[in-house]
Protein chains: 2
Amino acid sequence: MTRNGRGHSRDDVVRAAGRLFASRGYHGTSMRDLGRELGLLGSSIYSHISGKQDLLVEVVERGATLFEASARTALARPGTSAERLGAFISGHLDVVLDHVDEARTFLNEADALEPESRTRVLAARDHYEAALRTLLEQGIADGSIRADLDPALAGIFILSVVNAVERWYRPQGRLDRPAVVDEITRFVAGGVA
Amino acid sequence: MTRNGRGHSRDDVVRAAGRLFASRGYHGTSMRDLGRELGLLGSSIYSHISGKQDLLVEVVERGATLFEASARTALARPGTSAERLGAFISGHLDVVLDHVDEARTFLNEADALEPESRTRVLAARDHYEAALRTLLEQGIADGSIRADLDPALAGIFILSVVNAVERWYRPQGRLDRPAVVDEITRFVAGGVA
DNA sequence: CCTACCGATCGGTAGG
DNA sequence: CCTACCGATCGGTAGG
């Protein structure tokens, strides 16, 4: 990724930051690293942003928005609660696999945020977890999920599985994405049914 | 953690490093931070070790050893493969909850290792995953696990759940450890049976 | 384990 | 977006 003579947009900078934050972490990324990624000097980045922390906030917030939108879509879906749970899982995987950098940074680098934005991000994460919990409770109510299941705990288990997917999934691997979605859904369905 | 007049052992230094690496990450921890944690100057640490990277290697290797020992015990356990799977999960949780710093650093900071030790650690992780896979295959062979289960994938799912426990488990929380072990075992059993 | 440093690198700024 | 910097901090060393 070098210059092309047309300069860089703010969005270019944020996306490049996402790439580096996702792969080396916030503390492991210097402004000069980011400059190199964009084909310019570290100091030149400050014409686009006002500080390194801004970049982290923006990348993490993009991740949060993607997850929120995915949850909203899954919850609004007509059909059985089992279908909505499937849609939630599949939507989550789409975020995690199609927006690796934002998702990873959102999931792993929240601790590097300053208190104010960190609080906002943790609240967004809680909200997302609550959406999944609601869905599981609907499943218990309509009988498609076993009644002795702890919805809060099951929600955490499910998120543990889907969050980790980007750590091992390889697009060229043995299984394609629908197969992975299917295996996870069956694994989870067995665990909650 | 301040001085007590008796000085510090190398083990004190490694354990303090584990604490900081686990909570702030390797790149987020400076030698001066570590000095402060021990009640001495950053430069004084070099009388115990020869470099920051040494500390990371040692903490990560302690984590690896703990997980390996736990797997060996679970696999050697007499009884059904279902009991061995339960022992594996429960042993993993013991490592993750009783040795948070080493486990966390082993699981999250391997990327900060230099190539040689990084390779060794990834091999240890593969070995651990292979042990779990073997166990699941035994379960398929003896009929206690459904035959259409993908043992490699199921192993990853199980590890995703148990690795994440230290992120949310609170000893003073609603559930005690045996209850958590039980919920996970039932969740997993449902997913594989 | 401290004093007193080293060169390198950090995030960031002034001025063009 | 570059030049030319700033003070602070980094990992680490020499010598006691």
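First the proteins, then the strands, lettered A, B, ... as listed; each starts at 1. All of these numbers come straight from a predicted model, not from anything done at the bench.
As rounded to whole Å, 15 Å separates atom C1' of C/dC10 from atom CG of A/L41. Per the geometry, NE2 belonging to A/H27 stands 12 Å off P belonging to D/dG11, to the nearest Å.
For A/R72, the side-chain contact (heavy atoms from CB on, under 4.5 Å) test picks out A/E68, with sequence neighbours left out. With sequence neighbours left out, B/R167 forms a side-chain hydrogen bond (donor to acceptor under 3.5 Å, both in side chains) with no residue at all. For the side-chain contact (heavy atoms from CB on, under 4.5 Å) test, residues two or more places apart in sequence or in another chain that qualify with B/N163 are B/H92, B/L107, B/L159. Evaluation of the side-chain contact (heavy atoms from CB on, under 4.5 Å) rule for B/S30 yields B/R32, B/D33 as partners, not counting sequence neighbours. A/R84 is linked by a salt bridge (charged side-chain N to carboxylate O under 4.0 Å, His left out) to nothing, counting only residues two or more places apart in sequence or in another chain. With sequence neighbours excluded, no residue satisfies side-chain contact (heavy atoms from CB on, under 4.5 Å) with B/S23.
Comment: A/R24 does not engage B/D111 in a salt bridge, judged by the lack of any side-chain N to carboxylate O separation of less than 4.0 angstrom.
Residue-level contact check: A/H48 touches the backbone only, with heavy atoms under 4.0 Å from sugar-phosphate atoms and none from bases. In this structure, B/S30 reaches the sugar-phosphate backbone alone: every heavy-atom distance under 4.0 Å involves primed, P, OP1 or OP2 atoms, never a base.
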Which protein N or O atoms sit under 3.5 Å from an N or O of nucleotides 12-16 of chain D?
| residue | atom | partner | partner atom | Å |
| --- | --- | --- | --- | --- |
| D/dG12 | OP2 | B/Y46 | OH | 2.7 |
| D/dG12 | OP2 | B/K52 | N | 2.7 |
| D/dG12 | O5' | B/Y46 | OH | 3.4 |

Watson-Crick and G-U pairing of DNA chain D, under 3.5 Å, as dot-bracket with | and [ ]: ||||||||||||||||
Review item, side-chain donor-acceptor pairs of residues 96-103 of chain A, under 3.5 Å, at least two apart:
| residue | atom | partner | partner atom | Å |
| --- | --- | --- | --- | --- |
| A/D98 | OD1 | A/R177 | NH1 | 3.2 |
| A/D98 | OD1 | A/R177 | NH2 | 2.8 |
| A/D98 | OD2 | A/R177 | NH1 | 3.1 |

